[in-house]
Novice: 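Quick one: this structure, given as structure tokens, is what I'll be asking you about.
Below, read A as the first sequence line, B as the second, and so on, with proteins coming before strands; counting in each chain starts at 1. Atoms considered below: every heavy atom in the structure, side chains included; atoms not considered: hydrogens, waters and symmetry mates.
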Amino acid sequence: MHDLLPFLPGQLNQVLDGITLLIPELYLSGLFLVILVTDILFGKNSGWLCRILACAGLVVVLIKDLQQFGLVVNNGFPFFNEMLLLHRTSVTFKALIDIFSIILLLYFEWDDELRSHTKKLSGLYAIAIAAILGLHLMAMSINLLSIYLSIEMVSIASYLMVAYHTENKLSSEAGLKYVLFGAASSAVMLYGISLLYGFTGSLNLLTGNMLPGLLHTNAMAVSLAFALVFVGVGFKLSFVPMHFWVPDIYQGAPTPVSAFLSTVPKIATFCLLINFFIPFLYYPKWDMHDFKLALSAAGIVTMVAGNFAAVLQNNVKRMLAYSSIGHTGFALMALAAFNDAGKTALSFYLVAYSLASIGTWMLATYFADAAKAEDMTSYKGLGFKYPLAGVLFVILLISLTGIPLTAGFNGKLVVFSAAYSAYQQSHYIWTLLLMITGAVTTVVSLFYYIKIPLNLFLRKTERSAGFASPNKYLLASVAIITILVIYLGFFPDILLKNL
Amino acid sequence: MTMVKALFYLMGFIAVASGLYVAASRNLVRSVFMFFVTLMALAGLYVLASADFVAITQIVVYVGGILVLIIFAFMLSGRESLAGLQQQESRFISINKLSAVLLAALFFILMLNILLKTDPDHLQWVQKAVSEKNMVKSGDATVNNLGINLMSHYLLPFEVVSILLLMALVGAAHISRKEKSL
Amino acid sequence: MIPLTDFLVVSAALFCTGLFIVLTKRNAILVLIGIEFMLNAANLNLVAFGKYDRLANGGQIFTLFSITLAAATTAVALAIILNLYKRYKTIDPSKTDHLKD
Amino acid sequence: MNILSLLIFIPLLFALAIIVLPSSMRAGFKYITLLATLVQLGISIWMYLHFQTGGHFGGVNNEAQFQFVQKIPWIDLSLGNMGKMQVDYFVGIDGISITLVLMTSLVMVIAALASWEIKSNLKGFFSLFLLLNTAVIGVFCALDFFLFYIFYELMLLPLYFLIGMWGGARREYAAIKFFLYTLFGSVFMLLVMVGLYLSVKDPATGSHTFNIIQMMNPANYDQGSVFSVLAHKTILGMPARTVGFVVLFIAFAIKVPIVPLHTWLPDAHVEAPTPVSIILAGILLKVGGYGIIRICLGIFPEIASSGAFWLGLLGVISIIYGALNALAQRDLKRLIAYSSVSHMGFVLLGIASQTPEGISGALMQMVSHGFLSAMLFFLVGVVYNRVHDRDIYNFRGLGTLMPKYTTFVMIAFFASLGIPGLSAFIGEAFSLLGAFESSSVNGYLPYWMAICGSVGIILSAAYFLWTLQRMFFGTLSLKGGDVWKTALTDLDSREILALMPLALMTLVLGVMPSLVFDKINDSVLALVHFLK
Amino acid sequence: MGAVLLPLLAAVIGFCLPARSKVSGWLSTLAILLSAVLSVAVFSKVWNQHPVHQQQLWFTIGETKVYAGILLNNLSVLMLVLVSVVALPVHIYSTAYMKNDERYGRYFTYLSFFCFSMLALVVTDSLVLFYAFWELVGFSSYLLIGFWRTKQAAVLANKKAFIMNRIGDIGLLSAIIIIYTTTRSFDINQLFGTNALVKTAAGQVTGVWQYIAFGGLFLAVAAKSAQFPLHTWLPDAMEGPTSISALIHAATMVAAGVFLLGRFYPVFTHHELTILAIVGCFTAFMAATIALTKNDLKRILAYSTISQLGYMVMAMGIGAYSSSLFHLATHAFFKCLLFLAAGIIIHEVQHVKDEYQLTIDPQNILYMGGLRKKMPLTFIACIIGGMALVGLPFTSGYLSKDGILIQSFEWSEGKSWVFKLIPIGALVTSWLTAFYVARLIAKVFFGEFKMLQFHPSIKLHISDGGWQYRVPLIFLTICSLFLLFSLNPILYERAWILTGFPNITGLDRVNIYHTIIPVLVNLVAVLVLYWAWSVYIKLKALPLPESGFLFRLSYNEWYIDKLYQKVIIMPVMALSKTTRWADLNIIDGFIHLLANIGLAGSKVAEWCDRYIIDGILHLTGSLVMAIGNFARRFQNGRVQYYLFSMLAVILVIFILKTLI
């Protein structure tokens with residue numbers, strides 16, 4: 001032990017310094033414990049209490065996040081023995097994660113399916129908070145260990161959330177598929193990590209021997225290792241070919257959970273990717289060509305696969321799942337630009353996308369609760385029965401399609417701009433292809449998004465009975481989201497300035 | 001040294017062979033048992049890689065935890081399913097299996113290919129470590145070293161894992177809990 | 001003194017075995033076992049390389065973490081599988097395909 | 001409050017009013033809409049009267065020469081290493097837009113009158129109608145590409161629902177077809193737009209701008225930017241500026257529509273309810289032509305001149321092809337739809353000639369076609385509402401049954417087949433004249449194009465006269481028998497009220513084309529001079 | 001100016017009035033009366049003095065300013081007077097002729113509108129306006145031909161007429177545009193007036209443009225004044241009211257083509273004029289032959305019109321500018337006269353028909369006969385009109401027609417024999433004219449009323465009708481005599497009209513033709529008349545007179561007739577049959593062929609639209625579907641299959657990457 005003693009004080013100091021940068025996460029873990037305790041103390045009827053606690057706590061966490069803006073510089077600095085890296089983007093993303101999580105946590109209770117769950121939701125909140133903690137870590141981790149750990153944390157939490165509604169056959173089936181697929185891909189990722197470690201003898205991306213070591217090893221081996229690692233990341237981000245699980249799981253899982261899976265983990269994972277690429281970007285001798293190629297190709301294929309497959313869907317949740325795949329592909333375009341504009345564009349796009357998609361999931365719940373409508377065909381004529389909901393649905397879908405005066409359009413615009421500027425500097429053919437594919441798939445996406453307004457308004461329903469009185473709060477929150485979407489459609493710079 | 005080498009190859013052989021048996025066998029109980037053997041063999045390999053603490057953990061956690069869990073699961077999921085599985089297994093057309101074999105084989109070839117390309121013993125950092133004597137010798141104990149590292153360098157993951165385990169516990173408990181209202 | 005290459009060969013073999021098991025077995029629990037194989041293969045790599053990283057001890061510690069995570073994952077997975085069994089009276093992944101296009 | 005913005009947003013205000021009003025007052029909605037359009041008409045007439053002409057009010061590529069300008073900084077943010085992005089709320093009109101604006105607001109009044117026949121879900125209909133109204137006017141006034149694009153896209157959704165919810169039997173197909181067609185064009189337009197604004201720098205602020213007028217000035221392009229005039233960049237091996245021009249042209253050609261991008265038009269027109277077909281044919285097609293003049297020609301003049309031959313060719317093809325198709329139809333509304341294709345072909349031909357006569361003729365043709373097609377579709381709507389049938393073969397000898405109606409039909413038909421003294425004649429004659437001239441003036445178009453164009457005139461005479469003779473002359477015999485006979489009452493006062501201004505406008509423009517030419521002349525000259 | 005605008009005023013008022021109001025009739029009659037007076041006044045002021053030319057800016061397009069104005073020179077004032085004066089009796093006539101029609105008011109609206117556009121056409125000074133009114137004339141004739149819109153034949157006829165005219169219009173339009181593009185001017189006076197711009201080097205239309213322009217102009221002329229090959233619409237146009245046929249399709253509108261030639265005269269080159277001459281001559285001959293065998297009263301007159309127009313065009317072609325216009329003027333009067341008379345006859349026969357519900361065609365001359373006692377005035381009118389048409393002395397027709405013939409012979413002097421054909425053709429045509437005129441008169445007025453043979457029970461009370469019929473007839477009859485044009489009934493050179501125009505060929509009597517031609521023409525014409533008379537009357541004429549002289553005479557006539565039957569009638573009949581057949585099957589056939597080609601093209605286009613363009617569209621759609629299906633194929637719900645495909649994809653990509 002003598003040979004480590006000299007390092008000890010430095011290490012501990014680093015830990016102590018790190019604590020100050022870790023305040024939101026500490027709050028989160030505290031919150032986790034609190035909710036756990038309430039769950040245990042008050043038994044299974046403490047759902048409402050846990051919910052209040054969770055949301056309140058998240059608000060506090062959010063505040064703490066925003067406070068962090070003050071103490072970060074733009075390119076950020078690592079802490080906790082270079083386990084984590086805190087920079088402006090990660091703080092932003094953490095804040096976004098918290099905001100959306102608050103909405104989603106509120107949303108859990110509004111879903112009839114989950115509310116009718118006999119085991120109550122108190123446990124779910126605890127799991128969700130843990131998942132959010134994992135997401136926070138993902139957004140900051142810069143070390144292979146922390147990356148693996150946070151990803152696993154989020155994954156396990158997600159398995160549990162998907163399978164949470166145990167009475168539901170589909171839910172549990174989805175859980176099984178998810179856990180098997182997830183575990184397998186994380187195993188693959190672990191193997192990749194082990195190779196990376198083996199080639200360089202270090203787990204630390206930012207400093208240490210990682211990049212020089214990789215430069216000195218055989219390129220093919222390195223790329224295999226990266227490929228294996230990206231399997232794990234791609235599983236979270238669900239781009240082709242790691243997207244196969246998405247439709248089944250989103251369809252089977254309780255709708256709020258699907259909403260959760262389709263938004264926040266993506267945000268965190270994108271942040272993780274940004275972190276992951278930072279060292280390679282700034283390391284002089286490293287050639288990014290492979291990454292660019294891989295990302296562009298993945299983006300193109302993902303856009304095509306997601307959007308084109310969505311055209312033929314009849315189940316609304318499944319359709320939304322495919323569309324989320326497509327959007328991931330589009331976001332990859334911003335990432336593949338590899339410039340600051342790309343980062344800004346990416347975050348704005350993610351905000352626009354997440355807002356709209358949460359809204360649409362909520363509306364899917366709304367119609368499922370109101371009229372037992374799961375399929376497009378059962379949406380017939382509901383627009384006249386629930387006009388407000390119908391109109392909101394249309395606006396949100398418009399935003400997802402990317403037609404002006406919605407946030408989605410500005411998102412597409414900035415992403416295109418970023419890709420374009422990247423193209424202007426390096427006339428890199430794949431970037432151009434990305435943009436063209438993006439344009440084409442936008443048209444295709446309209447093709448299936450429009451189906452919902454089509455059924456809502458253009459067709460007449462034959463059924464007259466069986467219309468429940470749906471949840472007011474749900475509708476209200478969707479309305480707020482929609483207003484946000486339109487507001488961002490008019491004045492994107494309000495947000496873009498701060499990203 | 002030759003002794004160690006021989007031991008290593010033995011262990012390695014056992015691990016791989018038992019793994020293959022698991023893959024091949026149709027009898028669940030046997031395959032689970034063979035899995036147990038594999039884990040043991042791996043533990044041995046860890047020891048030979050002079051990572052005794054890891055070896056212990058392997059035995060404790062895997063054999064004592066995971067394996068037991070799995071067997072319990074079998075018990076809970078009842079025999080009839082197993083029976084059903086077996087004959088369904090036998091009747092299963094092997095076209096799917098073939099493709100799987102192909103895939104696995106290809107991966108294996110790929111990996112071997114890579115290993116040969118980057119011969120790991122002469123990696124730059126390995127050489128460096130050897131030269132700097134920054135390598136675990138077979139004799140010395142790694143436990144305290146590990147302890148210090150866990151408490152200092154890897155403190156954060158250590159804490160995080162605790163939360164993770166707690167969460168997993170709660171969740172697993174929730175899912176497998178019987179609803180009273182049913 | 002055992003060369004790293006041999007370790008890697010063994011681990012690769014294990015990994016591919018696991019892969020094969022995962023892809024072929026018609027029983028969720030066996031699939032899980034296959035995943036464990038793959039994890040162990042990775043662990044073997046880590047440990048083997050960790051030998052040359054005495055100070056930071058990354059390999060071994062990583063192995064410890066991965067073992068723990070494996071345990072957690074297995075627990076969760078088994079819970080889910082049992083629940084599934086309650087619903088479907090089978091744990092054959094290829095039979096639980098109600099969710100599909 | 002700037003008068004132009006007022007003009008643009010008044011319908012929006014009324015739409016909001018309609019939305020907030022309870023459905024119990026649905027009877028009043030149509031009056032509200034009519035009021036909105038009338039106010040709009042008043043404003044635009046005022047603008048028309050106060051629109052100054054003269055050499056220093058040419059507009060086109062000179063920002064100072066636009067009138068009723070309003071320019072407010074809107075979006076202004078820095079995009080990291082790409083520099084700053086600057087979007088203004090920038091509206092203003094010059095001679096090219098003024099007449100179109102006036103025409104639009106008049107046609108809107110007619111459409112509002114026509115929409116009284118709508119019976120179901122009035123609140124939705126009229127609010128969408130007014131939203132569409134805002135968008136259309138906005139397109140004609142916007143001078144910032146971003147703003148233009150927004151208005152341009154804003155037209156899609158209301159139209160989709162107007163066609164899809166109040167349309168005919170195959171309305172879903174028509175609506176989706178229309179939507180996809182247009183979106184296809186506009187998405188690629190978005191790409192080019194992004195490329196343009198990243199290439200152009202506002203000399204004043206030094207930030208990337210969407211200002212169309214500054215895009216017209218080659219000096220504002222960055223060195224080495226994709227669309228720079230000097231740096232001959234390529235996209236996928238083709239010259240970048242050509243690609244940009246083609247993409248934009250396709251986007252607008254879909255709207256015009258130009259063969260072979262026209263097949264959405266017959267479906268959309270046929271399925272759409274009367275007021276919507278009026279708006280579609282009367283106004284939206286003009287958006288395409290306007291876009292080609294303002295954007296394609298404005299931003300890529302050199303490509304426009306080198307590609308003039310192909311533009312002209314497309315124009316001629318549309319003329320002939322549309323006319324032939326019209327000749328083959330037996331659904332009256334389809335026939336008129338195809339006749340629109342044919343007539344808009346003249347617009348393209350005139351634009352392609354790039355002579356003052358040609359472009360003035362094209363603009364005149366757009367204005368007159370605005371009135372005429374509105375009139376035609378309104379007339380079709382009259383019969384359709386009476387007996388819900390449009391098949392030409394099912395009617396005969398309507399002339400004796402509904403004399404007033406027949407009179408208006410004859411006016412409309414003969415106007416649109418180019419009888420002198422009615423507006424279309426001036427438009428077509430001068431488009432052709434321009435086409436003839438260009439072969440001797442700038443040598444863009446060979447003269448056979450003009451001759452083929454005039455063949456189109458004969459064809460149009462053929463199908464209109466055929467319809468007239470088949471449907472209105474001869475002894476009375478209807479498919480529906482006496483039921484129809486009783487149903488087919490002559491025009492009532494509202495319909496006459498709606499048709500009369502259109503008929504008068506065609507007549508007045510035919511006798512005094514100076515009403516249009518005086519206003520547009522300076523801008524056209526400026527444009528032609530700019531193109532040289 | 002007022003002369004032009006009055007009818008328009010009348011038209012507008014009439015348009016506003018209800019369709020059957022009698023007021024508009026008198027209104028427009030009054031208007032045309034006033035405009036006639038005014039135009040006579042203008043005529044007296046302008047004729048052979050300096051032309052009036054006043055214009056004002058109409059609109060500006062680009063740099064070019066387009067003016068609108070009136071140009072009054074001899075040509076236009078002559079036309080002005082002609083139109084208004086001819087229109088006047090027709091108006092009066094119509095008030096009676098149409099009085100029972102329920103769309104009486106509408107009729108006069110159209111009529112006034114026509115007069116307006118015709119008058120405007122003759123006075124306008126801008127090519128744009130010229131084209132405009134040119135087309136408006138066609139448009140109003142369209143309205144009037146199809147006036148009885150419930151009558152299918154009429155509707156088809158007006159469609160045909162309009163589309164044919166349309167073809168001509170397009171020709172004119174292209175010609176105008178070509179002239180404009182070379183001269184940058186629309187001003188007729190500047191272009192074709194004294195020191196015509198088109199003759200100068202700057203304005204000279206050159207090269208292929210020249211021929212295109214000529215082609216366009218020729219099409220215009222051919223369409224408007226029914227020249228070969230675009231003449232077929234005119235006979236069909238007879239479906240309209242007879243008064244309309246009188247005014248438009250005999251007197252005024254069809255003359256517009258000749259007027260066009262007069263206006264654009266400086267444009268044409270020598271060769272082009274020759275072509276015109278040939279076409280005119282051929283048309284004249286062909287139409288005359290066709291007229292020989294028609295039985296429909298109005299169609300006979302229609303074909304005679306065509307042939308007379310042929311004369312005028314030919315005259316223009318051979319440079320007999322003035323004579324052509326002279327003939328135009330005279331022809332207007334006597335042809336109008338003939339038509340009105342025909343109108344009366346048809347009207348009366350129609351009465352009979354209606355009275356007894358007979359199933360006969362009231363226009364078929366075979367059912368007529370012996371009317372000279374019943375309606376003497378009409379008879380006299382027809383005789384004089386016919387004489388004028390044939391060109392017998394003491395009629396206006398004699399003066400103008402002989403002028404044309406003589407000049408044509410002079411023109412063909414010293415040219416190759418091919419050109420000789422033209423005057424000869426004209427000559428023969430005039431004889432043919434004589435024949436069919438005689439036939440017409442004989443069939444209609446002599447003999448007995450054929451209808452009695454079929455329906456013996458008929459009581460005939462046929463008369464010349466009211467004063468609205470008589471006055472115009474008398475008026476026009478007087479106008480058809482030589483007095484109005486020249487005090488010397490024999491020598492056409494004395495006609496004052498000729499003084500108003502530049503004389504192309506020297507008109508001194510040095511030339512032998514001046515004595516020969518008239519004699520020749522008239523002698524033969526008289527002979528032909530006599531033959532015809534004998535053929536159509538004496539044959540079916542009742543018992544021979546006792547007197548031997550007459551008997552022998554009639555015997556000789558038998559003899560002559562035999563010969564005549566063999567030698568002349570047969571071939572002529574055959575010829576006319578063939579021409580008529582050609583007319584129906586070749587020319588109309590050709591036009592129908594064009595129409596069918598158009599329709600076929602339209603079918604093809606529609607097919608393309610549905611299957612190719614939309615087909616491509618739907619193909620794209622299905623392509624999207626296909627890709628989507630491919631992406632979905634992996635989603636079979638088995639997680640292991642997902643894993644497998646995922647790893648497989650990665651492996652494949654990686655292997656590809658390493659291989660490449």
Novice: Does E:Ile650 reach the side chain of A:Met242, with side-chain heavy atoms less than 4.5 Å apart?
Specialist: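 Yes, close enough: below the 4.5 Å cut-off.
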
Novice: With a 4.5 angstrom heavy-atom cut-off, could you sort out which part of A:Phe230 is near chain E: side chain, backbone, both or neither?
Specialist: neither

Novice: How long is the gap from CD on E:Gln635 to CD on A:Gln313, to the nearest 0.5 Å?
Specialist: 8.5 Å

Novice: Measuring from E:Phe644:CZ to A:Phe244:CZ, what's the distance to the nearest 0.5 Å?
Specialist: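 That separation rounds to 11.0 Å.
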
Novice: Please state whether the side chain, the backbone, both or neither of A:Tyr178 comes within less than 4.5 Å of a heavy atom of chain E.
Specialist: neither

Novice: Which heavy atom of E:Ala631 sits nearest to which heavy atom of A:Ala305, and what is that distance?
Specialist: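 In terms of heavy atoms, the two residues are closest at CB-O, 4.0 Å.
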
Novice: Taking the side chain as C-beta and beyond, is there a heavy-atom pair between E:Tyr642 and A:Asp248 under 4.5 Å?
Specialist: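 Of all side-chain heavy-atom pairs linking A:Asp248 with E:Tyr642, at least one is under 4.5 Å.
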
Novice: Please indicate whether E:Trp148 has more than 12 foreign heavy atoms, meaning atoms of other residues, nucleotides or ligands, lying under 6.0 Å from its CH2.
Specialist: yes

Novice: Under 4.5 Å between any side-chain heavy atoms of A:Phe308 and E:Arg632, yes or no?
Specialist: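 A:Phe308 does not reach E:Arg632 side chain to side chain.
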
Novice: What part of E:Val649 gets within 4.5 angstrom of chain A, counting heavy atoms only: side chain, backbone, both, or neither?
Specialist: side chain

Novice: I'd like to know which of A:Val311, A:Leu312, A:Leu180 tops the heavy-atom pair count under 4.5 Å against chain E.
Specialist: A:Leu312

Novice: Would you say A:Phe447 and E:Met625 make side-chain contact, with heavy atoms under 4.5 Å?
Specialist: yes

Novice: E:Val639 versus A:Trp245: any side-chain heavy-atom pair under 4.5 Å?
Specialist: no

Novice: Can you tell which of A:Ser223, A:Gly306, A:Ala294, A:Ala297 has the highest number of heavy-atom pairs within less than 4.5 Å of chain E?
Specialist: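 The option with the most such pairs is A:Ser223.
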
Novice: How about A:Phe235 and E:Met646: do any of their side-chain heavy atoms sit closer than 4.5 Å?
Specialist: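 No - every pair of side-chain heavy atoms lies 4.5 Å or more apart.
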
Novice: Return yes if some donor-acceptor pair links the side-chain N/O of A:Lys177 with the main-chain N/O of E:Gly637 below 3.5 Å, else return no.
Specialist: yes

Novice: Top residue by heavy-atom pair count (under 4.5 Å) with chain E, among A:Asn307, A:Val240, A:Leu176, A:Leu224?
Specialist: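 Looking at each option in turn, the highest pair count goes to A:Leu224.
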
